[in-house]
Amino acid sequence: MKTLEEIRKIREEKRKELNIRINNNVGTKEKHILVCHGTGCTSSKSTKIIETFRKIIEEKDIKNVQVIQTGCFGLCAKGPIVIIRPEDTFYAMVKVEDCKEIIETHILGGKTIERLLCKDIDGTKVNKLDDLTFYKKQKRIALQNCGKIDPENIDEYIAFNGYKALEKVLLEMSPDKVIEEIDKSGLRGRGGAGFPTGKKWALTKLSEGKQKYVVCNADEGDPGAFMDRSILEGDPHCVLEAMIIAGFAIGANQGYIYVRAEYPIAVERFKIAIKQAREYGLLGKNIFESGFDFDVDVRLGAGAFVCGEETALLESIEGKRGQPRVKPPYPAIAGLWGKPTLINNVETYANITKIILNGAEWYSSIGTETSKGTKVFALGGNVVNIGLVEVPMGTTLREIIYDIGGGIPNNRDFKAAQTGGPSGGCIPKEHLDTPIDYESLKQIGSMMGSGGLIVMDDTKCMVNIAKFYLDFTVDESCGKCTPCRIGTKRMLELLEKICNGEGNMEDLQKLEELATNIPKTAICGLGQSAPNPVLSTLKYFREEYLEHIKYKECKTGQCKALAKIQIDQTKCKGCGMCKRNCPVEAISGEVAKPHFINEEKCIKCGTCISVCPFHAIR
Amino acid sequence: MEKNCIEQKLSKEVEEILNQYTAAKDNLVPILNDVQVKYGYIPQIAQRQISEYLNIPMAEIYGVITFYSRFTLTPKGKYAISVCLGTACFVKGSEKLMNRLKEKLNIKEGETTPDGKFSIDNTRCLGACGIAPVFTVNGEVYGNATVKKLDEVLDKLLAE
């Protein structure tokens, strides 16, 4: 247990120690080597890099150098990433073998290692993180501490103004004042639907009942979205602190966080955060001697997409099959075990402490008329800079994909951007300049969703993409209501027919009929939004459906049954890339002469199409 | 006799897991999770024990197990291979990896080869989108994967 005075003292002292990370104090002899230890970089062996650094430092008995594991820096495509403070040098794609050179040349020799520097979009090598175009257009609020602090060290969080918002709330504000502040900030739910957060808090507070609960939805099921995971991995305490604040505001003493079991690092770090907060008395009885009690428990999800739906999540916490409940009553009235429950998503919570500390006016000055603040996007697919980006609401898709994302790789053309995962839609070229907010995305047939943003180039078949999403929904439909259980299955069958070249115009009509009726009849968000990928691709890429149906043709070669893969003899330069990469040795030809595909051997995997540097195969 | 021994050991281990939890109904999913992690599936004996401990009917437990994709009723292979079919990986061609895997091992997703050596699963996003497409073998991640890379890994394991 620590008193308020003690916490303040920890902050003051730790701030001095971390000065080179807080203020970039270049004059000092000290060095901090920050290594990303999020899931992305861990998958490319950053754990081993940390160990190697520590080993070399110990062996050489180097003083004043610390190796710190941090959360995600965002630029996952260039991982593993190592940053050296205070000079802020940004090394990309670091290998275990590079550690020795970094210590000897950079740390001891004071020289920057050119070959490990990251290339910017224009090809120039960039020294510092802040100089990368990737970071220039970003505004980090929810991700503020990610990549800056050691997520497993509560003192570092406290030094970066952690638990200051909690102090302010418990000692200076009334619950109503807290809710008023959140409401004024204009913050809306970042899980997808965009319900005003302040309103949700007010409704749950007003709801009658002694026992209330605070729940954090960290069941990030949208495939291709990983911002909630990164926040939990990089800055778990900011979510925990916000949950305590929410508990105080609505009058709850118990919180639950529901995390996917597929996120072992996030689960582990959050558990550590809870343990540390309990030890410091930031969770438990009489926090800061305010008379307010609060505690949090972790619940693991077990791989069911539908559990991201708030009522299904509640069922799952109660130990049942995660099937959604019919609403109303909403969780604010009858939630967990029938008690009033506040459910917010991870990213929503990650904004709370900043709003409390900087004020509602500051927050609402960022963003658009209806959508305030920033949004974190997981940028993925056919884009150069795959990673996590946080931009003010109202930033255009073009800015995100081309300025921050660095455009489409391999000289390909942009075809569509998909937001909102299986519930969202595909956005074509003509809407690239739409400023992104909740309303504008809805207007063009997609939705904000949790923030997955998948870029697709011109080698993608949009009918096949629609089929992919439907396949996902059918797999994940919980089976409770008929429109979703049977309707989406029928839609998938129709799409399969079309992709196999067996579809007719009547099928297309049926598909459209189902797609317009399911949203009106399904009981939860999953079913209601399931047809969105079909509706949006039909709206913007209708000609592709017609090609599949009328001409039995798939121009991209992605629909196997319709694919006729051929090498354009006039474009082929005979470089042999296709031949080398073909898994079944179906391609023959001499160097510098046009190549051929043996149709009998070809399994139509499409590898040759994507590797050909001259776009000669289709 | 030997079978009895194995069963006794298993039931004792499950009991140890159960002892970490109170007999509250909402502990069902966390308990199943522990059992799944320990054995790679949820054995019937374990189901019965959980049923008695939490006072929940076997049928209901079966319902919960089959609802969540993380829980399985059959053991995974010695080499559990997962291909990520999240959108970011799909866009980068993970479907080809999955098709190749199924073709080579001659089993479907969610199945184990008769000799118990391999099992195939699809996962929805491991969060390693930066190095998409990815597949994993017993949790080890292989990034920027191609059909060729998969073949190499697989051939090595098949030769064992």
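In what follows, every chain begins at residue 1, and chains take the letters A, B, ... in the order their sequences are listed.
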Self-check item: Residue of the set T341(A), D297(A), I257(A), V215(A) for which side-chain contact (heavy atoms from CB on, under 4.5 Å) holds with I317(A)
Solution: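 Per the side-chain contact (heavy atoms from CB on, under 4.5 Å) rule, the option paired with I317(A) is V215(A), out of T341(A), D297(A), I257(A), V215(A).
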Quiz item: What residue among Q323(A), E309(A), K320(A) forms side-chain contact (heavy atoms from CB on, under 4.5 Å) with E315(A)?
Solution: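 Single pass found, and it is K320(A).
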Chain B contact via [X] - side chain, backbone, both or neither, heavy atoms under 4.5 Å:
| X | value |
| --- | --- |
| V611(A) | neither |
| L300(A) | both |
| S316(A) | both |
| R229(A) | side chain |

Quiz item: Under a 4.5 Å heavy-atom cut-off, does chain A meet the side chain of T66(B), its backbone, both or neither?
Solution: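 Side chain only.
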Exercise. Answer with side chain, backbone, both or neither: which region of L126(B) has an atom nearer than 4.5 Å to a non-hydrogen atom of chain A?
Key: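 Only the backbone of L126(B) comes within 4.5 Å of chain A.
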Quiz prompt | Partner chain B: residue of G380(A), A302(A), G322(A) with the largest heavy-atom pair count (under 4.5 Å) | solution =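 When all of G380(A), A302(A), G322(A) are compared, A302(A) has the most.
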Quiz item: If you tally heavy-atom pairs under 4.5 Å against chain B, which of G40(A), A304(A), G381(A), C76(A) wins?
Solution: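 Of G40(A), A304(A), G381(A), C76(A), G381(A) has the most heavy-atom pairs under 4.5 Å with chain B.
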As an exercise: rank [options] by heavy-atom pairs under 4.5 Å with chain A and give me the winner.
| options | value |
| --- | --- |
| V29(B), T146(B), N144(B) | V29(B) |
| G63(B), G143(B), C89(B), C84(B) | G63(B) |
| E60(B), R70(B), E140(B) | R70(B) |
| A128(B), S69(B), A132(B), A24(B) | S69(B) |
| P30(B), C129(B), G93(B) | C129(B) |

Practice problem: Report yes if the side chains of R269(A) and H37(A) come closer than 4.5 Å at any heavy-atom pair, otherwise no. | Solution: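 SC-SC contact between R269(A) and H37(A) confirmed.
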Quiz prompt | 4.5 Å side-chain heavy-atom contact, D475(A) and F305(A) | solution =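 A side-chain contact is absent here, since even the closest heavy-atom pair is not under 4.5 Å.
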Exercise. State whether R100(B) and E103(B) are salt-bridged, where the test is any N-O pair (Lys NZ or Arg NE/NH1/NH2 against Asp/Glu carboxylate O) under 4.0 Å.
Key: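 Yes, R100(B) and E103(B) are salt-bridged.
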Exercise. Decide, yes or no, whether a salt bridge links K156(B) with E160(B) under the criterion of side-chain N to carboxylate O below 4.0 Å.
Key: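 No salt bridge links K156(B) with E160(B).
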Quiz item: Any side-chain donor-acceptor pair under 3.5 Å between Y263(A) and E220(A)?
Solution: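 Yes, a side-chain donor-acceptor pair sits under 3.5 Å.
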Exercise. Examine distances only and state if a side-chain atom of T87(B) and a backbone atom of P223(A) form a donor-acceptor pair shorter than 3.5 Å.
Key: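 Looks like yes, one N/O pair under 3.5 Å.
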